[in-house]
Structure formats: C-alpha cells, structure tokens
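As structure tokens, the structure follows; a few thoughts come after it.
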2 protein chains.
Amino acid sequence: MRLSTKGRYAARLMLELALHYGKGPMLLRDVAEREEISEKYLGQLVAPLKAAGLISSSRGAHGGYALANAPKDISLCEIVQAVEGNLALVECVHSPKICSRVNSCVTRDIWGRLSERLTEELESISLQDIVYQHRRKQSAQPLTYTI
Amino acid sequence: MRLSTKGRYAARLMLELALHYGKGPMLLRDVAEREEISEKYLGQLVAPLKAAGLISSSRGAHGGYALANAPKDISLCEIVQAVEGNLALVECVHSPKICSRVNSCVTRDIWGRLSERLTEELESISLQDIVYQHRRKQSAQPLTYTI
DNA sequence: GTAATCACTACTAATTTAATAGAATTAGTA
DNA sequence: TACTAATTCTATTAAATTAGTAGTGATTAC
Ligand code: FES
Ligand code: FES
C-alpha cells in the first residue's frame, strides 16, 4: 500500500511550482535539478497534471510550467489523483464488476469507507499548507554552506 | 496506492475465523471454499498471521486454524500489518536511508502524518466490528436459494 | 500405519514501476 | 527566415512486485 514515485514526485514538483508562484513559468530542468529527479521522468508527470487543470505550460523559448491556480486552491488530493488515478484502496470499490460478491462482501464496505477517509485527509491539505511547512522547516534548519 | 490481495484476503480469512470463533479449529479448505480464494494461496497468508500471534494452528487430522484472541481484541491494523508489512505510505518514512534529503524534505513529513492517520483508522476497527457489520448486512440481504 | 492436515520452499507468468531515449512540435528572437 | 530553447508525444526496457501454482515434508488423530 505504497504511494508510487509518480505521486511523490508530483507533490514535490508542485511544491517547486508553488514556491515559484507569481514569478512566471518555471523550467522543468530547474525543477528536476532542485529536486534531484530525472527531467525526462518529470516530463511524463506534467501531462496528467496539465490534463487535470492544475498547471499551465508555455512552449518554446522562455517557456515552462506554472500553477494554474493559487497554491491555497490546489489540494494534495488533486495532485495525487491526477497522476495516480482514483485513490480507492481496493479496486472493486470503484469498479464493482471485477469482484463477484460485491453485494455481500463486508470488507469492501470497510475499504470503501477507509478510502473516503484517506481522500478527505488529502483534500484537507493545500499546496499552500505545504509551502508554509516547507518554509518553517527551512528556517529551522542549520545553515549549510556550499563552497 | 492499492491494498494487495494479501491484505484483502487476510481480512476475509480472519472474518471467517471470527465467525467460527469458539467452535474449534477451522479447516483452511473450508475458508478457501467459503471465500472463493485459492487454498494454496491462503496457505501462504496464515504463516505471517501466525507469526504475528493473531491465529493458532493445530496440525494433523482434525487440525486447522483458530483466532488466538477474541475478535474484539484483534484490530484490522494488526491483520493488514501482519501480511503487508509496515503501513507507511512511502518507504522513507520508516527507512530514512533510502532517501537523501530526508532532513529537508517536507513532503516526507506529510506522508508520515498521513500514514499515522491511516494506521489510527485501521486500529479503530476490530474484527468484532467487522463481524457485526457482516451479520447486519447478511440479515438485510434478500434470501438467495441454492437449488 | 495411514489418512488428514498444516508447513515450507521453489518456481512462474503477468503486471506494474521507474525510468531512458529520441523524434516532433511550438514559440521567441537574431 | 533560420536558429534555438523549450514542451509534447511515443516507444522501449530493466527491475521489481503481484498473484498465484506445485510439490514435498512434518505432524497428529484415529
Ligand atoms: S467484493 Fe471486492 S473485496 Fe470483497
Ligand atoms: S525524503 Fe523520501 S520523499 Fe522526500
């Protein structure tokens, strides 16, 4: 029951865009460098994020990516859902066809409720919250000098 | 972020044992038949459940499996954890070594808190709860006749 | 001693994950 | 217009995980 790199990288990508919010489009190359993630792989993650309306892009010279909305209006749920698909903990919650006995199976109900709780929890975290926590953490960190 | 068949089957296996609680050991064959799950595959799931102290077994003729404790004293968390290992949504929460930057990464903190919430939620559900919900559902079901 | 049952280990096909690679497309600018 | 910087799209792949199957060995009741 692990979140794949898609979801984790997408969250970090969106955090970078949020930190850069209001400063024009950000290069994928810079995101990749700052987060130490393969640029090509990130290139695949932006497609679903854009399709979900979370980011906008501009091509060509001086292009790049930017948040489509303010950080406070983007939830972690939307980000994860965009790249990972629906968040049900078990498949038959959303696709009843794949299990016979969906009508009698009580564990399905339980996984369904659990999935809802998880979704609610993710919905309650905005990108702005993550930015705040990031800044708080940064200022609490001891300084690191790069020579 | 899906629960694998291990966790799902283990929950159903434990429900069957709970329904049979107090009636002596139950055959794996019967569990497999009632839940329509491969007996051999279930055979692999009982090992970790036993190792976790959730069930007891007796070998030989008239052997089988039984709950090691009352259903009210077994949580869904214990069951899932036994067969799936630790429930962290991302690996670096429990094994900081695998990620560099664990000290500065704010998303790790978020995944960590989320994992805790999920664990709490699973801890709050006992096998007895599942039995109650199962019985309620059964009695609400229209009767099905097997000819 | 034999039948029934759990216990253990090895193997495997299919799927998913986590990338890498490269060509195509678009946009700014000299 | 030609050049360059950037996104976009598609294909390929190695490794890991999942979801089993199969078979043999150990133990116990009768
Ligand atoms: S119906 Fe899908 S797990 Fe029970
Ligand atoms: S430290 Fe592991 S995801 Fe950031």
Side-chain angles (χ1 to χ4, degrees), chain A residues 1-13 17 20 24-33 35-52 54-66 68 80 83-86 89-92 95 98-99, chain B residues 1-13 16-17 20 24-33 35-52 54-68 80 83-86 89-92 95 98-99:
Chain A
M1 205 166 37
R2 292 276 149 81
L3 195 66
S4 76
T5 51
K6 282 188 193 175
R8 297 188 337 250
Y9 290 178
R12 290 160 61 183
L13 161 64
L17 295 187
H20 200 259
M26 187 175 182
L27 293 187
L28 206 56
R29 190 194 320 128
D30 292 340
V31 176
E33 199 170 318
E35 290 290 333
E36 303 178 83
I37 302 173
S38 147
E39 181 182 344
K40 277 295 192 183
Y41 193 40
L42 281 180
Q44 292 178 43
L45 299 185
V46 290
L49 289 171
K50 193 179 172 184
L54 300 178
I55 60 177
S56 62
S57 65
S58 46
R59 295 163 73 141
H62 303 111
Y65 296 92
V80 176
V83 295
E84 303 253 353
N86 104 51
L89 290 176
V90 313
E91 206 140 341
C92 59
S95 331
I98 66 158
C99 270
Chain B
M1 205 164 38
R2 292 277 148 81
L3 195 66
S4 75
T5 52
K6 283 188 194 176
R8 289 176 358 235
Y9 290 177
R12 288 161 61 183
L13 161 64
E16 287 296 337
L17 295 187
H20 199 259
M26 187 176 182
L27 293 187
L28 206 55
R29 191 196 316 130
D30 293 341
V31 176
E33 199 169 317
E35 290 291 334
E36 301 177 85
I37 301 174
S38 147
E39 182 182 344
K40 276 293 192 185
Y41 193 40
L42 280 181
Q44 292 178 42
L45 300 185
V46 289
L49 290 171
K50 193 180 172 182
L54 300 179
I55 61 177
S56 62
S57 65
S58 45
R59 293 162 73 143
H62 302 112
Y65 296 94
L67 294 186
V80 176
V83 295
E84 302 253 352
N86 104 51
L89 291 176
V90 314
E91 205 139 342
C92 61
S95 331
I98 66 159
C99 269

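A, B, ... follow the sequence lines: proteins, then strands. Residue 1 opens every chain. In what follows, every heavy atom counts, from backbone to side chain, and hydrogens, waters and symmetry copies are set aside. Model, not experiment: these values are computed from the prediction.
- Atom C1' of nucleotide D/dA19 and atom CZ of B/R12 are separated by 14 Å, given to the nearest angstrom.
- In this structure a side-chain-to-backbone donor-acceptor pair under 3.5 Å is missing from A/E39 to A/A32.
- Shown here for B/L3 and B/R8, the closest heavy-atom pair between the two residues is O-NH1, 3.2 Å.
- Proximity of A/L13 to A/E35: side-chain heavy atoms (C-beta onward) are nowhere separated by under 4.5 Å.
- When rounded to the nearest whole Å, the span between OH of A/Y41 and P of D/dT12 equals 19 Å.
- Looking at every heavy atom in both residues, B/L49 comes nearest to B/A10 through CD1-CB, 4.4 Å.
- The NZ atom of A/K6 sits 10 Å away from the P atom of C/dT16 (whole-angstrom rounding).
- Taking atom CD of residue B/E91 and atom C1' of nucleotide C/dT17, one finds them 13 Å apart after rounding to whole Å.
- In this structure, the CZ atom of B/R2 is 16 Å from the C1' atom of D/dA19, given to the nearest Å.
- Residues A/H62 and A/P25 approach most closely at O-CG, 3.8 Å, considering heavy atoms.
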**Study point:** Heavy-atom protein contacts under 4.0 Å, nucleotides 1-10 of chain D, coded B base, S sugar-phosphate only, - none
**Key:** ----BSBB--

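- Between A/L17 and A/I55, the shortest heavy-atom contact is CD1-CG2, 3.7 Å.
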**Study point:** Watson-Crick and G-U pairing of DNA chain C written in dot-bracket, each distance under 3.5 angstrom, with | for inter-strand partners
**Key:** ||||||||||||||||||||||||||||||

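- An OP1 or OP2 oxygen of D/dA19 is reached within less than 4.0 angstrom by a side-chain nitrogen or oxygen of B/T5.
- The nearest whole Å value for the distance from the CD1 atom in B/I98 to the C1' atom in C/dT17 is 14 Å.
- The shortest distance between the side-chain N/O atoms of B/Y9 and the OP1/OP2 oxygens of D/dG20 is below 4.0 Å.
- To the nearest angstrom, P of C/dT17 lies 12 Å from CE of B/M1.
- When all heavy atoms are compared, the tightest approach of B/V83 to B/P48 is CG1-CG, 4.0 Å.
- Contact of the B/V31 side chain with the B/I37 side chain is not registered, since no non-hydrogen atoms from C-beta on lie closer than 4.5 Å.
- Spacing between atom CG of B/L45 and atom C1' of D/dT21 amounts to 14 Å, rounded to whole angstrom units.
- With values rounded to the nearest 0.5 angstrom, B/T5 atom OG1 is found 10.0 Å from B/R12 atom CZ.
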